[in-house]
Number of protein chains: 2
Amino acid sequence: MRIGELAQVSGTPIETIRFYEREGLLPAAARTEGNYRIYTPQHADRLGFIRQCRSLDMTLDEVRVLLRFKDQPLADCGEVNSLLDEHIGHVAERIKALRALEKELRALRAACPVPHASADCGILQGIDHAGAKPAAASKRHVRGAH
Amino acid sequence: MRIGELAQVSGTPIETIRFYEREGLLPAAARTEGNYRIYTPQHADRLGFIRQCRSLDMTLDEVRVLLRFKDQPLADCGEVNSLLDEHIGHVAERIKALRALEKELRALRAACPVPHASADCGILQGIDHAGAKPAAASKRHVRGAH
DNA sequence: GGAAACCCTGAAGTGGGTATAGAGTCAAGC
DNA sequence: GCTTGACTCTATACCCACTTCAGGGTTTCC
């Protein structure tokens, strides 16, 4: 199948498919005489795997690791397990940080129940006088969990 | 004060301060004969406000809006309130999405309690056969909440 | 045979910085 | 006066995972 069809069946933008090829996540497809890429069902499977990983918010580097294990069926999958454990840890951490953030934001919001002149706005004043700087939530992994 | 001192008192990297100036968040500082930036306490206040907003995971565009209100003390702050409400909404949404993700990841992890050969790894198989594509959690605002 | 739909490459842009290279400035010590 | 080192300057490239764009070529349908 050509790239447009693969894009449709996989729900992936065409540019993203080409991007994955450039990044070495998808093997280069064969070409027609007119230089169009031709994909096999194996390509579709692999793309599905990649997209599933991305929907689980893994980085492309993590996906690369998982693909390596899929390509070596005899290797021990212990590293897969620990990769997932770490990933879960990142997500859990991010949830915790965001919950703290939400609490802080709600407290700030409560400082200005009804609109005033900006000069008297409890929110603007609250931001000004919050001396504490826990420094923006640590961003590691999972765009937002990362 | 010079940029190094401002960096220290504000806990902001020097490059970030220059970046904020380029982005128009901080007004350009006066210069010495040797072309060094000289900052006033007003600059420090404004930088503190910006950093506080960033620690609340607001985008620079949101910070720009808030600064505009700080600069117009007579304007009605209703827009500030709704900006914050929206931001809280984004954060809450992202928390929800991450919780669902965590659940999914933990279920996947449970599929491979002890290491096997990759070919039999319940995790790799689980990713393969998960047909559902809810499409990566919607990313809007709050690098991860956004 | 001509228009529309599809496909190609390569480069640049996104956000919010961070990191580098290569140069200039300034105060203190000898 | 001269060197050392700390500080600062500009300009540019890099990070991630794409997305968008410019400027073409190919295929298909009527």
Side-chain angles (χ1 to χ4, degrees), chain A residues 1-26 28-39 47 50-64 67 87 90 94 135-146, chain B residues 1-26 28-39 47 50-65 67 87 90 135-146:
Chain A
M1 67 182 119
R2 297 198 310 203
I3 200 168
E5 193 185 342
L6 178 58
Q8 198 139 45
V9 303
S10 69
T12 310
I14 287 176
E15 300 79 15
T16 301
I17 296 175
R18 289 196 281 245
F19 169 74
Y20 288 158
E21 181 181 315
R22 271 201 308 285
E23 289 294 301
L25 290 161
L26 278 179
R31 301 289 183 123
T32 66
E33 286 183 13
N35 200 32
Y36 285 11
R37 290 175 181 82
I38 292 297
Y39 292 98
L47 178 57
I50 296 167
R51 295 302 277 180
Q52 189 62 34
C53 289
R54 290 291 300 129
S55 87
L56 293 173
D57 246 339
M58 295 176 191
T59 64
L60 294 188
D61 272 347
E62 288 172 323
V63 180
R64 266 181 262 271
L67 285 172
H87 184 54
H90 290 316
R94 184 61 179 163
S138 69
K139 288 119 201 176
R140 300 267 149 256
H141 172 134
V142 172
R143 203 151 33 296
H146 293 234
Chain B
M1 63 182 124
R2 296 196 311 201
I3 199 168
E5 193 184 341
L6 178 58
Q8 199 141 44
V9 303
S10 69
T12 309
I14 289 176
E15 300 80 15
T16 301
I17 296 174
R18 289 196 281 244
F19 170 74
Y20 288 159
E21 181 182 315
R22 271 202 306 285
E23 289 295 303
L25 290 161
L26 277 178
R31 301 288 183 125
T32 65
E33 285 184 13
N35 201 32
Y36 285 10
R37 289 174 181 83
I38 293 297
Y39 292 98
L47 177 57
I50 295 168
R51 295 301 278 179
Q52 190 62 34
C53 289
R54 291 292 299 132
S55 86
L56 294 174
D57 246 341
M58 296 176 190
T59 63
L60 295 187
D61 272 347
E62 287 172 323
V63 179
R64 266 181 262 270
V65 171
L67 284 172
H87 184 54
H90 290 317
S138 68
K139 288 121 201 175
R140 300 266 150 257
H141 171 135
V142 171
R143 200 153 32 299
H146 293 232

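Proteins get letters first, then strands, A, B, ... in listed order; numbering begins at 1 in each.
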Taking the side chain from [X] and the backbone from [Y], do they hold a donor-acceptor pair closer than 3.5 Å?
| X | Y | result |
| --- | --- | --- |
| B:His87 | B:Leu56 | yes |
| B:Thr16 | B:Thr12 | no |
| A:Arg54 | A:Met58 | yes |

Atom-pair distance ([atom1] on [X]; [atom2] on [N]), nearest Å:
| X | N | atom1 | atom2 | result |
| --- | --- | --- | --- | --- |
| B:Leu25 | C:dG15 | CG | C1' | 12 Å |
| B:Leu6 | D:dT8 | CG | C1' | 14 Å |
| A:Met1 | C:dC6 | CE | C1' | 16 Å |
| B:Tyr39 | D:dC9 | OH | C1' | 11 Å |
| A:Gln8 | C:dA5 | CD | P | 14 Å |
| A:Arg31 | C:dC7 | CZ | P | 12 Å |
| A:Glu33 | C:dC8 | CD | C1' | 16 Å |
| B:Ile38 | C:dC26 | CD1 | P | 10 Å |

A:Phe19: which of A:Glu15, A:Glu23, A:Glu21 passes side-chain contact (heavy atoms from CB on, under 4.5 Å) = A:Glu23
Hey, can you pull the residues of residues 14-24 of chain B with a non-hydrogen atom under 4.0 angstrom from DNA chain D?
-> B:Ile14, B:Arg18
Of the non-hydrogen atoms in [X] and [Y], which two are nearest, and what is the gap between them?
| X | Y | value |
| --- | --- | --- |
| A:Ile14 | A:Gly4 | CD1-CA, 4.1 Å |
| A:Ala29 | A:Ile38 | CB-O, 3.4 Å |
| B:Leu60 | B:Leu25 | CD2-CD1, 3.8 Å |
| B:Gly11 | B:Arg51 | O-NH2, 4.0 Å |

Side chain to side chain contact (heavy atoms under 4.5 Å, CB included) between A:Ile17 and A:Tyr39, intermediate numbers included | CA-CA 11 Å; A:Ile17 296 175; A:Tyr39 292 98; 3.5 Å; yes
N/O to N/O distances under 3.5 Å, protein versus nucleotides 28-30 of chain D:
none

Kindly determine whether A:Arg37 and A:Arg31 satisfy side chain to side chain contact (heavy atoms under 4.5 Å, CB included), including the steps that lead there.
-> CA-CA 5 Å; A:Arg37 290 175 181 82; A:Arg31 301 289 183 123; 3.3 Å; yes
Could you tell me whether B:Arg64 contacts a base, only the sugar-phosphate backbone, or nothing, with contacts defined as non-hydrogen atoms closer than 4.0 Å?
-> nothing
Check whether any side-chain N or O of A:Arg37 sits under 4.0 Å from OP1 or OP2 of C:dT9, and answer yes or no.
-> yes
Step-by-step side chain to side chain contact (heavy atoms under 4.5 Å, CB included) determination, B:Tyr36 to B:Ile3 = CA-CA 8 Å; B:Tyr36 285 10; B:Ile3 199 168; over 6 Å; no
Give the angle between the helix axes at the two ends of the helix from C:dG1-D:dC30 to C:dC30-D:dG1, taking five base pairs at each end and rounding to 10°.
-> 30°
Donor-acceptor pair present, B:Tyr36 side chain and D:dC7 base, under 3.5 Å | yes
Trace of the side chain to side chain contact (heavy atoms under 4.5 Å, CB included) decision for B:Val65 with B:Asp61 | CA-CA 6 Å; B:Val65 171; B:Asp61 272 347; 6.0 Å; no
Measure from the side-chain heavy atoms of B:Asn35 and tell me the nearest of D:dC9, C:dT18, C:dG17.
-> D:dC9
